[in-house]
Amino acid sequence: DIQMTQSPSTLSASVGDRVTITCRASQSISIWLAWYQQKPGKAPKLLIQKASNLEGGVPSRFSGSGSGTEFTLTINSLQPDDFATYYCQQYDSYWTFGQGTKVEIK
Amino acid sequence: EVQLVESGGGLVQPGGSLRLSCAVSGFTVSSNYMSWVRQAPGTGLEWVSIFYTGGSTYYADSVKGRFTISRDNSKNTLYLQMNSLRVEDTAIYHCARSTSGPAAFDLWGQGTVVTVSS
């Protein structure tokens, strides 16, 4: 099974900050990686797929990069609506999620 | 409107059974890859099962042999039959869509709560 490890688990930031979340796969997954945003009591929302492809309607301040085993999600100029939990997911072999990164207000 | 609406959750004793439903609107369930994903209280997301367009089904090891995924094309609905439930199956169960398989999940339902407790 492919394991996904996110870091950090919690991230404290201020509006306007640039934040980066890292996701590592236990084996190469090429570019088969997605990023989701989840707010309390809500379903996850797909932000990025194929490591760097932004979903329609997702603000351009979100970006993804990486391939193989190392991936990053970057949020440029953090906005109030961005405080949430973010998950990475591999879909190279079945589907596995990272444990999540909570972005909280500093 | 394109949406997924889950139902069927509830409180059940260990060893019991439940059947979850996911009503699909705005698109055809048979033309998409449909999954169940669960989220235990305060924890992350775990993929549970998927139904491919061609009829193939796959399961996470944690539920294999106990859960069965199915769909009713006439009702445009996805199901998850859960048998031999365990305390560790307690979670919010979401259905989710991917337009090809394997792929990311581009549409999610709000979920239905399953609690397994004596």
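The chains referred to below are lettered A, B, ... by the order of the sequence lines, with proteins before strands, and numbering in each begins at 1.
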Worksheet item: Side chain, backbone, both or neither: which part of W32(A) has an atom under 4.5 Å from a heavy atom of chain B?
Response: neither

Discussion item. Between Q38(A) and chain B, with a heavy-atom cut-off of 4.5 Å, which part of the residue counts as in contact: side chain, backbone, both or neither?
Written reply: side chain

Item to complete: Step by step, work out the ring-ring contact (aromatic ring centres under 6.0 Å, His included) result for W47(B) and Y94(A).
Response: CA-CA 8 Å; W47(B) 169 76; Y94(A) 295 100; 5.7 Å; yes

Item to complete: Against chain A, label E46(B) side chain, backbone, both or neither, depending on which of its atoms sit under 4.5 Å from a heavy atom there.
Response: backbone

Fill in: Contact origin within I50(B) toward chain A - heavy atom pairs under 4.5 Å
side chain

Response to the item:
Ranking G44(B), A103(B), S35(B), P102(B) by heavy-atom pairs under 4.5 Å to chain A gives rank one to A103(B)

Worksheet item: Are V114(B) and W36(B) in one and the same hydrophobic cluster, where Ile, Leu, Val, Met, Phe, Trp and Tyr link if side-chain heavy atoms are under 4.5 Å apart?
Response: yes

Item to complete: Please work out which of the three classes, parallel, tilted or perpendicular, describes the rings of Y52(B) and W95(A), given edges at 30° and 60°.
Response: perpendicular

Worksheet item: Is the distance between the ring centroids of Y87(A) and Y36(A) less than 6.0 Å?
Response: no

Fill in: Side-chain touch K50(A)/Y91(A), heavy atoms, less than 4.5 angstrom
yes

